[in-house]
Amino acid sequence: MPTPSTTRHPRRRLLTAALTTVALLATTAVSGCGGSADAGGTAQKLRIGYQRFGGLSLVKARNAAPDVEWSLFESGPALTEALKAGSIDIGQVGEAPPVFAAAGRIPFSIIGTSAPIPQGEAVLVKADRGYRSFADLKGRTVALNKGSNVHWLLVRLLEANHMTLKDIQVKYLKPAEGRPAFDGGQIDAWVIWDPYFALAEQPGVQVLADATGLASNREYVLAAPQALDKRSDEIRAFLQRYREVTDWGIAHPEERASTLAPELKIPQDVTTRALARSAKPLAPVTPAIGDELQAITDSFIALDLIPGPVDLRSRVDDRFSAVFQ
């Protein structure tokens, strides 16, 4: 566990700058393969929305899908807004964004998932504050990105510690806002995911809790209905490449880290540490996955965080399950 430090080392400055670069690059969607349609009026490329460090980042970094158009997003909620706007065909998010998107009546289907990644998200505090458990944060300010995977972790931590949202002061901050607020002591705890989590693991920072035993923290692949109707074969081919690259990365962790570090624009040792806990195999969607998502949805409705009713089970589409078997 990191120990307190009052000296701002050059390495810390480097990592802080790297985080800022990651966040700034992710605030605006960027295209990696030209325009949405080829010159001469040929068919539009399949449009993929991804986040820094998500499984799709490795596909992009290896140029394993040169025939698609890439768009980068800072968080899952921003990506689902792009689905709503019709600017992407497929996107990858955590477990809470589909819930908030469905509550917002955004059309999409859930076509793939991953193995659980509970160690890939955590509650961070300053070690010198003396917090020993999440219960110690009662009355304190806890920051997180609204509607992201860590929103569900917060709900589960509150339940596990017999607390409610009224017991803490919740501050909704995007990753680019959360890190300076955390470093500057403006918040008491930061609930965050990799790679921002790994970048923030500095001397004097304590991991108060992760999602182990509380939340699966799976990744989910979402697809726009129109793309499913008209481009099913292209989607299947892309998912096959996605599966192959993911399996390659798991089998070759050192090469995976050296490939992704330049893409993420963060140090390779930080990339390696984050990937060791957060890179998991893909998995098919099943009725059990639908039940898991519905339970999350029902909890958010009960807390008045989203309006109900919302049927997440009906969003599960298993037509591509053979790719992930």
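Every residue two or more places apart in sequence or in another chain that forms a side chain to side chain contact (heavy atoms under 4.5 Å, CB included) with Glu177 is listed here: Leu173, Lys174. Not a single salt bridge (Lys or Arg N to Asp or Glu O under 4.0 Å) links Arg315 to another residue, sequence neighbours left out. Residues passing the side chain to side chain contact (heavy atoms under 4.5 Å, CB included) test with Thr297, sequence neighbours excluded: Val99, Gln294, Ile301, Ile306, Val310, Leu312.
Residues Val316 and Ser109 fail the side-chain proximity criterion, which asks for heavy atoms closer than 4.5 Å. Residues Ser71 and Tyr50 form no side-chain contact, since every pair of their non-hydrogen atoms from C-beta on lies 4.5 Å or further apart. At a threshold of 4.5 Å between non-hydrogen side-chain atoms, the residues Phe324 and Thr113 do not count as touching. With contacts defined as side-chain heavy-atom distances shorter than 4.5 Å, the pair Ser278/Trp193 does not qualify. Considering only heavy atoms from C-beta on, Asp291 comes within 4.5 Å of Arg313 through its side chain. Using a 4.5 Å cut-off on side-chain heavy atoms (C-beta onward), Val285 and Phe320 make no contact. Within the 4.5 Å cutoff, side-chain heavy atoms of Tyr220 are placed close to those of Leu222. Inter-residue side-chain proximity for Asp89 and Glu234 is flagged as unmet; no heavy-atom pair is nearer than 4.5 Å.
Expressed to the nearest 0.5 Å, how far NE2 of His151 lies from CD of Glu121 amounts to 12.0 Å. Atoms CD1 and CG, from Ile48 and Leu79 in turn, are 10.0 Å apart once rounded to the nearest 0.5 Å. The CG atom of Leu165 sits 10.0 Å away from the CG atom of Asp304 when rounded to the nearest 0.5 Å. Here Asp188 contributes atom CG and Lys171 contributes atom NZ; the two are 10.5 Å apart, rounded to the nearest 0.5 Å. Interatomic distance, CD of Glu81 versus NZ of Lys84, reported as 5.0 Å (0.5 Å rounding). For the atom pair CD1 of Ile235 and CD1 of Ile90, the computed distance is 4.5 Å after rounding to the nearest 0.5 Å.
Geometric assessment of Arg62 against the ring of Trp248 yields a positive cation-pi assignment under the 6.0 Å and 45° thresholds.
Across Gly94 and Asn149, no two heavy atoms sit closer than the pair CA-CB, 4.1 Å.
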> Step by step, would you call Tyr196 with Trp190 a ring-ring contact (aromatic ring centres under 6.0 Å, His included)?
Replying inline: CA-CA 11 Å; Tyr196 306 103; Trp190 188 27; 7.3 Å; no
>> With salt bridge (Lys or Arg N to Asp or Glu O under 4.0 Å) as the criterion, how do Arg218 and Glu292 come out once you've worked through the C-alpha distance, each side chain's angles and the decisive distance to 0.1 Å?
In response: CA-CA 10 Å; Arg218 301 178 192 269; Glu292 187 174 311; 3.0 Å; yes
>> Before you tell me yes or no, could you show the steps for Arg319 and Asp317 under salt bridge (Lys or Arg N to Asp or Glu O under 4.0 Å), namely the whole-Å CA-CA distance, both residues' side-chain angles and the distance that decides it to 0.1 Å?
In response: CA-CA 6 Å; Arg319 74 180 75 182; Asp317 187 328; 2.8 Å; yes
> Should Asp67 and Arg241 be marked as a salt bridge (Lys or Arg N to Asp or Glu O under 4.0 Å) after you check the CA-CA gap, both sets of side-chain angles, and the distance that decides it?
Replying inline: CA-CA 12 Å; Asp67 52 343; Arg241 278 177 280 177; 2.7 Å; yes
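Counting non-hydrogen atoms of other residues, nucleotides and ligands closer than 6.0 Å to CD of Gln325 gives a total above 12.
Hydrophobic clustering (side-chain heavy atoms under 4.5 Å, transitive across Ile, Leu, Val, Met, Phe, Trp, Tyr) groups Tyr242 together with Leu275. Both Leu303 and Val170 belong to a common hydrophobic cluster when Ile, Leu, Val, Met, Phe, Trp and Tyr are linked at side-chain heavy-atom distances under 4.5 angstrom. Linking ILVMFWY residues whenever their side-chain heavy atoms come closer than 4.5 Å, directly or via other members, places Val150 and Phe73 in the same cluster. Under a hydrophobic clustering in which Ile, Leu, Val, Met, Phe, Trp and Tyr are joined whenever their side-chain heavy atoms come within less than 4.5 Å, directly or via other members, Ile250 and Leu282 fall into different clusters. Put simply, Ile117 and Phe197 are part of two different groups of oily side chains (I, L, V, M, F, W, Y) that touch within less than 4.5 Å, one to the next.
Ionic pairing of Asp269 and Arg273 is not present here: no N-O contact between side-chain nitrogen and carboxylate oxygen is shorter than 4.0 angstrom. Using a 4.0 Å cut-off between charged side-chain N and carboxylate O, Asp194 and Arg277 make a salt bridge. Here Lys126 does not pair with Asp128 in a salt bridge; the nearest charged N to carboxylate O distance is not below 4.0 Å.
Of the residues listed (Leu239, Val245, Thr246, Asp247), the one engaging Arg243 in a side-chain contact (heavy atoms from CB on, under 4.5 Å) is Asp247, and it is the only one.
Distance alone, capped at 3.5 Å, places no donor-acceptor pair between the Arg256 side chain and the Thr272 backbone.
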